Amino acid sequence: MATSSTITLASGAARTLPPADGIAGSNCGTPGVWRFTAAAPGPHVVLTALIHGNEVCGAHALWRVVQSPPTLARGTLTIVCCNLEAYARLDDATKGDRRFVDEDMNRVWGRLDGAPGAEATYEVRRARTIWPWVQDADVLLDLHSMTSPAPALGLVGLADKNVAFARVVGFPALLVRDAGHAAGLRLIDRQPFGDAAAAPAAMLVECGQHFSEEAFEAAEVAVTRTIAAVLDTNALPPAQPQSVIEVTEAVTIRTPAFKFEREWPNMAVVPQAGTLLAHDGDQQVRTPYDNTYLVMPASSHHIKPGLTAVRLGRLVSSA
Ligand SMILES: [Zn+2]
């Protein structure tokens, strides 16, 4: 019998997580991967979680699907739990520090091709193992959570097809169009998902704050609605209205002296153009326009040259 670990949520409540050895199981030969196929042909849906080992809400939602697979009206459903090793090392005392083993797995997706080197990190090796199960998805839903409290955000890259997919799912209420990170390619940005001319679509859902009740709930809703919308013929509950925020600028940290002027809440809206947000060495970072959204400002222990400090966005469409 697999052992489950129990963690303490931000609210103080206890939550039992899926067992690490269960998450490393499979019904198709690759650890952490399950595939379910309906009798009738249809789209291929891939659901991924644990690209970051401490973002457990997605694993919780996917584990429920693995435990009691839905009856699919059509198509194929693939479930992938990504960073098995980081998750296996997670316990209640260290849960915030189990994001990765060697490097951020959501920056490696442009480095999988060519001959695998012996020097490859755990995350690159694991990404190579996973990719064959993901590459022919028609739609990809990638589940994450965030450092600071915020409503669930659907990151949809730059392609219109991903906004259309998010509208089919009808969740979350806030969609963010962004170009990713200077530090490396995310899974949702890799071809074919990041290619506006190719049909396959992807959305990364930041479900809420790490280890919050809200994140667990949002992950459940995202998974349930995606399966129902694409692989089921039953009516989907009405969608929430969805607004789109377009990121116009990712502020990449240039110097070790980068410092925010204050602790900005995630998704804060700064009313005035020209408001000072941060200093980076002798440079100032200011809001480019009125009502600038501050998308996922980095916490102080993620301030390192080359990383993204914050993304700046504006509301381009509201439902
Ligand atoms: Zn993440």
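Just so it is clear, the structure is predicted and the values come from calculations on it, not from any experiment. Numbering starts at 1 and runs along the sequence shown.
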Does any non-hydrogen side-chain atom of [Y] lie less than 4.5 Å from one of [X]?
X	Y	result
Arg314	Asn291	no
Val139	Val168	no
Asp142	Arg186	no
Leu140	Pro200	no
Arg167	Val244	yes
Asn266	Pro297	yes
Trp63	Leu17	no
Glu123	Glu85	no

About how many Å separate [atom2] of [Y] and [atom1] of [X], when rounded to the nearest 0.5 Å?
X	Y	atom1	atom2	value
Thr226	Leu47	OG1	CG	6.5 Å
Leu84	Ile130	CG	CD1	7.0 Å
Ile227	Phe36	CD1	CZ	9.0 Å
Leu62	Ile23	CG	CD1	7.5 Å
Asp178	Glu246	CG	CD	10.5 Å
Phe171	Gln242	CZ	CD	9.0 Å

[X] (side chain) donor-acceptor with [Y] (main chain) under 3.5 angstrom:
X	Y	value
Arg74	Ala40	no
Asn83	Leu50	no
Arg286	Gly274	yes
Arg99	Asp104	no
Trp264	Leu277	yes
Ser26	Val33	yes
Lys161	Asp195	yes
Gln209	Thr147	yes
Glu55	Ser145	yes
Asp280	Arg254	yes

Within 6.0 Å of [atom1] in [X], more than 12 heavy atoms from elsewhere:
X	atom1	result
Lys259	NZ	no
Gln67	CD	yes
Arg64	CZ	no
Gln272	CD	no

Checklist entry - Would you call the rings of Trp131 and Trp109 parallel, tilted or perpendicular, where under 30° means parallel and over 60° means perpendicular? => result tilted
Item to check | Pair His52, Asn106: side-chain N/O donor-acceptor within cut-off below 3.5 Å | outcome: no
Next on the checklist: Assess, by modelled atom type and distance only, whether the side chains of His44 and Thr76 contain a donor and an acceptor separated by less than 3.5 Å.
Outcome noted: no
Item to check | salt bridge (charged side-chain N to carboxylate O under 4.0 Å, His left out) between Glu103 and Arg111, worked out | outcome: CA-CA 13 Å; Glu103 63 172 319; Arg111 291 190 273 125; 2.6 Å; yes
Do [X] and [Y] share a hydrophobic cluster, counting only Ile, Leu, Val, Met, Phe, Trp and Tyr and linking them when any side-chain heavy atoms are less than 4.5 Å apart?
X	Y	answer
Leu294	Met146	no
Val270	Val176	no
Ile79	Val134	no
Met296	Leu174	yes
Phe165	Leu204	no

Checklist outcome for this item: Of all heavy-atom pairs linking Ala20 and Tyr87, the shortest is CA-CE2, 3.8 Å
Item to check | Verdict with reasoning, Arg15 to Glu213, per side chain to side chain contact (heavy atoms under 4.5 Å, CB included) | outcome: CA-CA 9 Å; Arg15 174 76 71 146; Glu213 300 277 6; 3.0 Å; yes
Next on the checklist: Under the criterion side chain to side chain contact (heavy atoms under 4.5 Å, CB included), I'd like the reasoning laid out for His144 against Leu155: C-alpha separation, chi angles, the key distance, then a yes or no.
Outcome noted: CA-CA 10 Å; His144 290 251; Leu155 308 191; over 6 Å; no
Checklist entry - Taking it one step at a time, do Ile7 and Leu90 satisfy side chain to side chain contact (heavy atoms under 4.5 Å, CB included)? => result CA-CA 9 Å; Ile7 57 157; Leu90 182 142; 4.2 Å; yes
Next on the checklist: Go through it in stages, so that I can follow the logic: the residues are Thr121 and Phe100, the test is side chain to side chain contact (heavy atoms under 4.5 Å, CB included), and I'd like the CA-CA distance, side-chain angles, deciding distance and then a yes or no.
Outcome noted: CA-CA 10 Å; Thr121 61; Phe100 53 74; over 6 Å; no
Next on the checklist: Can you tell whether the side chains of Asp102 and Arg126 come within less than 4.0 Å, N to carboxylate O?
Outcome noted: no
